[in-house]
Each structure stands twice: as C-alpha cells, then as structure tokens.
Amino acid sequence: MVIPLVHATGVAFAYDGEVPALRGVDFDLATEELVCILGPNGAGKSTLLKVLGGILAPDEGTVEVEGARLAGLTPRVRAQRIAFVPQALAALPDVTVGDFVAFGRYAHQGAFRRPTEADRSAVQRALAEADITNLAARPLVELSGGQRQRALVARALAQETQVLLVDEPTTALDPAHQVSVMELLDKLRAQGRAVAVVTHDLNLASQFATRLVVLDDGRKVADGSTDEVLREEVLEPIYGPSLRYEIWSSSTGPRPVVLPWRQA
Amino acid sequence: MKVRRSGRVAVGLALALIVLSGLSLLRGELSEFTTAEMLQGLGATLGMADPLPNLRQGIFSLLVRQTLVAAGAGAALAYSGALLQGVFRNGLASPSILGITAGASVGATVVILLIGGHGGNADWLEAAAKHSPILVTAGSFVGAMTIALMVALIGGGAGRVSVPTLLLVGIAVNACLNGVLTAITAWLVENDWMISQAVFHWSFGSLDSKSWSQVALVWGAVALAASAYPLIGRELDLFAGGEEDAEGLGVHTRRVKLIVLAAASLAAASAVAVVGQIAFIGLIVPHVMRSLTGSSHRSLLPLVLLAGAVFLLGSDVFQRWVFGREKFRPGVVMSLLGGPFFLGLLIARRREVRTW
C-alpha cells in the first residue's frame, strides 16, 4: 500500500464559524498522483485545498503531511513541505518574473541571510521546469495568462516541496494553454511529486488525473479512477441533466468525455 | 534598475540630512551662530570642547535638540506610514488617515487632563506630573495602539483591505476621536484655560523647546521600530500578493501583522507624543520614495527613515531660514501641504477611484 504524503481525516471548516464549506472530508494524496478535485461552484473545492495547504485551519479533523500534524508545524516548515499555487494574484508592480519565483525561497531563508547558491540554482531549476527561463527579467505584469500561470507554478517549484496544491490553473486560459499547463503538472507528477488540482474542467481531468475526487456541498461524494467517476450515475445527481457522456479514444486509450449539452 | 538607484538615493538623502542639520544649527528662531560657534557648540555637546560663553551654549543646545527631534519625528512618521501601507496593501494608508494620530492625541490629552489637576487630588498624580513627557508619550502610545488594533479588526479579515473600507473606517474613527477631542477642549476652554492652552499647544505640534528625554524618546522609538526590519522587510513584499498567498509561502502572517502594527504605532505614537499632531508625512514620504526606488520594502523601509528625517527637518529649516521666526506650527504647515497632496493622489488615481 502506498503511504500518502498528505492524509486528511474528517476535515470540517466554516467561514466566519458560520457558513459551512466542508462537512467532514477525508482526503489522501500520494507521490506520483495527480488528483483532480471536482465539484460544482460552492462545493468546497478551493476551501479543501487551502485546508490541505495549511492556509486555513480546519474547525474539525486533522491534516497530516509526511506523517506530521500540519497544525503543529510553523508556517516556514509547512511551506518547505507543501506549495500552494493560487488561482490568480493581485497585480504586483515592478516585480520581475525572476524576483517573483525567488519569493518561493522564503521558507528556506533566515531573517538576515542573503540568497545562497542553493537558492539561486533552485530558482533557475524552477524557471527551467516551467519553461520560462527566457522570461526571468520581464516584469510580471507584462505576462500573458498562460505565462503568468507558469510563473505561479515556478514559484511553487522553487519551494522544493513534494506536495503541490494547484487552484484552478486553467480557468483563465485559452484551450491550447490549458493543455500545456496540465502537461506541465503531469510532468511534475511523473517526477515523483504529489499534485492536487482543483478544476472545473472534467475533460482535462479525464486526460490528466490519476484519480478524481468529487465534492458536493462540503462532502466528498466520489473518489476513484476517471472511468469510475466520469459517469452519468455519479455526476448527474451533482451537476444535473445538462451533460452528455461519451467515450473517445486517445493516445492513452479510451477516455470518458463529458460535455455541457443543450437540453431544449 | 530601480534597485541600483536606491543606493544613489540613499547617499543623496544622507548628504541632504547632513547639510540640513548644519543649516538647522546655524540659525534658530531667535538666534544665529557662526560656523565656528556651531563646531565649538557641537564639541561641547559631546563633551569634547569648552562650552560657548554666556547663555549661548544653552541656546545652542536647544537647537541641537530641535534638530534631533525634527529628524527623528519625521523618520518615525514616514516609517510608520510605509509600514501601514505595506501591511494594508494600500497606498492611501497612513497614521493620520487611519486615525492613529488622532488616537494618540486623545491618549495624550487625557493624560494632560489627569496630571493637570483633573484626575482628583491623588498624591500619585501629583508625583506623576514630574514625569509628564514620559506619561504623555505613554498615553498617546496606548491611544495609537488601541486605534491601530481597532482599524485592523474592522478593516482586516483575511483578504485585501479595500480602499473604500479603509477610507470609511478612517473617516469614522477620526470623526469619533475628533468628537471626543472637541468635547474635551470645549469643556476646558470654559473651565480650565491653562490646561486648554497646554492641549492646544500640544495639538498643533512643535519642534522647539524639547528636553533631552524627549529626544531620547523619539529616537528610542525609531530605533526599536526600525529593529523590526529583519522580521518584516521581506515579509511585507510577500504580502503584496495577499495574506493567504504569503501564508502559503511560509510567512507567519499573524505575527508579521502584529509586529508591523506595533512598530507603526510605536513610531507614530512617540513622534506624536513629542511633537504633537503632524499629519501627512506618513502618506507623502513613502509615496515619493516608492516612485523613486520601487516598492520593495527591503529598500523602501530604510530609505523612508532617511527621507522622513530630511522632509520634516527640511521644512523646519526652510521655515526658519525664510521666515526667521516661526510663523506656523509644523502641524499646521503639514496640514496645508498634506491636504492638497492627498487630493492630488486621489485625482491621479481617479481611473481606479471610479471603479471603487
């Protein structure tokens, strides 16, 4: 049995202590997994990702990373183990891509320490992995949506963590960039990282996920392979009738395809 | 490019500070000194030369303290503004606009009232009156800190503090505090003319007639607040993407916010306690420096300390050299300058303002 890197049990969370977003969710994430977290708007997907990343503290339940309780770790140690890739960022004036990726080294640096050789090479590696080495000197605000997403991933890579939590990486991108960002995440998974991705895109999930988790109204309603989850019996109770289910062939064999489809 | 420029800007500011200090020591409101006298007086202040004859050394010493207080208070207020703008991720934050300065005023006024004979006839109050500068500072610090925490609670929460929220909270807080201040001064004018004069005098701000203990207070607070720099400089840069983002990168956001608010309040409170209400330095100086050297707090915070010192000392020196006697109190001058600057800032950002 694969021991999960991230192990969450019975996680509950309510915003302002009132509006429940998660009502007891179990979630595991192992190395070389790319788990897509699916579910309708307001299902609690991003909240779950933030709880797994230690950005939000759960009201109930526990999250463990590499066997250690997340709640007992300092932010610095936590950020050495888990990197969180947010959906979008506030505009950062006069920050270059290189500086921005170097922000990911914060957890590895002391208060007075200047960037070391290890920091510099980690930033270079991260830029190369995300294929944006040529953009390092450009101001962040000048990047296109796809480039910006890569910069966000590169910053997380500079944290040198085994766990990557990625919040809606493809939402703002054109179709070609959606695929290339998912290919990047798949490459990182294949290198041995544990990747969890929140997404609305059932078909990207179908092609890239090693496992799918579906949330609805703060509860986990499905957890399994793409073939098990992307089926009418599973999805119709959640998304309603306006979806059409197909099986298409692909380079990796037959894949389930789910399309939004006009009803009337 | 801007990073390399910050070195040159720092050198320029340091030189300006030295020149301004020299000019400040050559001409006070009532007295002038030659360069030779100035050097001898400085030597005597440091215990390395004979004092100037007659009362001249005493007068010169007042000028030394005025120079130190102006530079220190300017540095403190500008630094405080830069910290608040960083932690609220909002260029319109400053100690005066958020009401922290007014909070300090209420705290100081209450202390002046108490030790001025309106706190009953307790012996300890009479004894305490001997330490009035310290107590007034303590009172204004408590007032400033209370307001800083209140503003953080009301406007805070997890996300970015929106501009309208910040401004509205500031307006409301200032309105409440000004109400209290007006009530106190109105009552005092009727009932205790002497104390009302003390409150008035204090509230307009002054840079002259300062004691060494007040110099030490301002500079001690500046040193303490500045010593937080290694704990918050880089962290504030990471705050730019939002608090959750900073937390994800490993920043202890709650601790950083607390340190920043404490340092900003300490700096603002000590400055206000010693020189009175001098508004807008905390707004203007960080803005000017950011446009010169970029928004990275690692270079911005040290530069703002220097620039704040140059700014307040410079305006004091300008006044003394151009007008001779003090025509306006520094607080009045800053309000005259700062109001239009604030308005200009809003107009310059009007495209953004319309989308609020």
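Naming: A, B, ... by sequence-line order, numbering from 1 per chain.
Neither the backbone nor the side chain of A:L73 comes within contact range of chain B, judged by heavy atoms closer than 4.5 Å. With a threshold of 4.5 angstrom between heavy atoms, A:R155 approaches chain B through side-chain atoms but not through N, CA, C or O.
The structure places CD1 of A:I55 at 11.5 Å from CD of B:E243, a figure rounded to the nearest 0.5 Å. Separation of atoms CZ (A:F100) and CG (B:L238) is listed at 10.0 Å; rounding is to 0.5 Å.
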Does B:L249 form a side chain to side chain contact (heavy atoms under 4.5 Å, CB included) with A:Q159? I'd like the steps, not just the answer. CA-CA 8 Å; B:L249 291 170; A:Q159 282 178 247; 3.5 Å; yes
Open item on the list: Walk me through whether B:E244 and A:F84 qualify under side chain to side chain contact (heavy atoms under 4.5 Å, CB included).
Closed with: CA-CA 10 Å; B:E244 286 190 351; A:F84 189 92; over 6 Å; no
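Across B:G248 and A:A79, no two heavy atoms sit closer than the pair O-CB, 3.6 Å.
Residue B:R254 places its CZ atom among 12 or fewer non-hydrogen atoms of other residues, nucleotides or ligands, all under 6.0 Å distant.
The pair A:R78-B:E247 counts as a salt bridge, with a side-chain nitrogen and a carboxylate oxygen less than 4.0 angstrom apart.
You'll find the side chain of B:H252 stays beyond 4.5 Å of the side chain of A:R76, heavy atoms only.
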